[in-house]
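Right, one structure below, let's go through it.
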Amino acid sequence: MIGSAIERGSLIQVFDEHGMTLFSKAKGSGPNDGLLGFSGSTVTVRFGSIIYTYDEKGMTLYAKAA
């Protein structure tokens, strides 16, 4: 289960409820790129004109044009 997700430098890091790292993703370099939000089971991130939703293992569930 996802406990938190933060932007740290050029990475988006996702942690479980105990603070252990679940996965990390590159943030992107665009002005709108980065973490959009998270829930207990998903993390949503924007890269350029695409919005991605990842599961707790970092696997892409959805990718949609913004």
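All residue numbers refer to positions in the sequence shown, counting from 1. Worth knowing before you read on, the calculation uses all heavy atoms, side chains too, and leaves out hydrogens, waters and symmetry mates.
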Give a yes/no verdict on a cation-pi contact between Lys25 and Tyr54, requiring under 6.0 Å between NZ or CZ and the six-membered ring centre and an angle within 45° of the axis.
yes
Any donor-acceptor pair under 3.5 Å linking the side chain of Glu7 with the backbone of Gly34?
no
Distance check, rounded to the nearest 0.5 Å: Thr60 atom OG1 versus Ile50 atom CD1?
11.5 Å
To the closest 0.5 Å, what do you measure between CZ (Arg8) and CD (Gln13)?
4.5 Å
Test item: Thr21 side-chain N/O and Phe23 main-chain N/O as donor-acceptor pair under 3.5 Å
no
Straight-line distance of Ile51 CD1 to Tyr62 OH, nearest 0.5 Å:
14.0 Å
Approximate separation, where rounding is to 0.5 Å, of Leu61 CG and Asp55 CG
4.5 Å
Output yes when a side-chain donor or acceptor of Arg46 lies under 3.5 Å from a complementary backbone atom of Gly48, and no otherwise.
yes
Between Ser41 and Met1, does a side chain to side chain contact (heavy atoms under 4.5 Å, CB included) hold up when you go through it step by step?
CA-CA 6 Å; Ser41 58; Met1 181 171 204; over 6 Å; no
So, do Leu36 and Val45 sit near enough that their side-chain heavy atoms are less than 4.5 Å apart?
no
First locate atom OG1 of Thr42, then atom CD1 of Ile2, and finally report the distance between them rounded to the nearest 0.5 Å.
6.0 Å
For Ala5 and Val14, which heavy atoms make the closest approach, and how far apart are they?
CB-CG2, 4.1 Å
Approximate separation, where rounding is to 0.5 Å, of Leu22 CG and Ser4 OG
8.5 Å
For the residue pair Tyr52 and Phe47, is the inter-centroid distance of their aromatic rings smaller than 6.0 Å?
yes
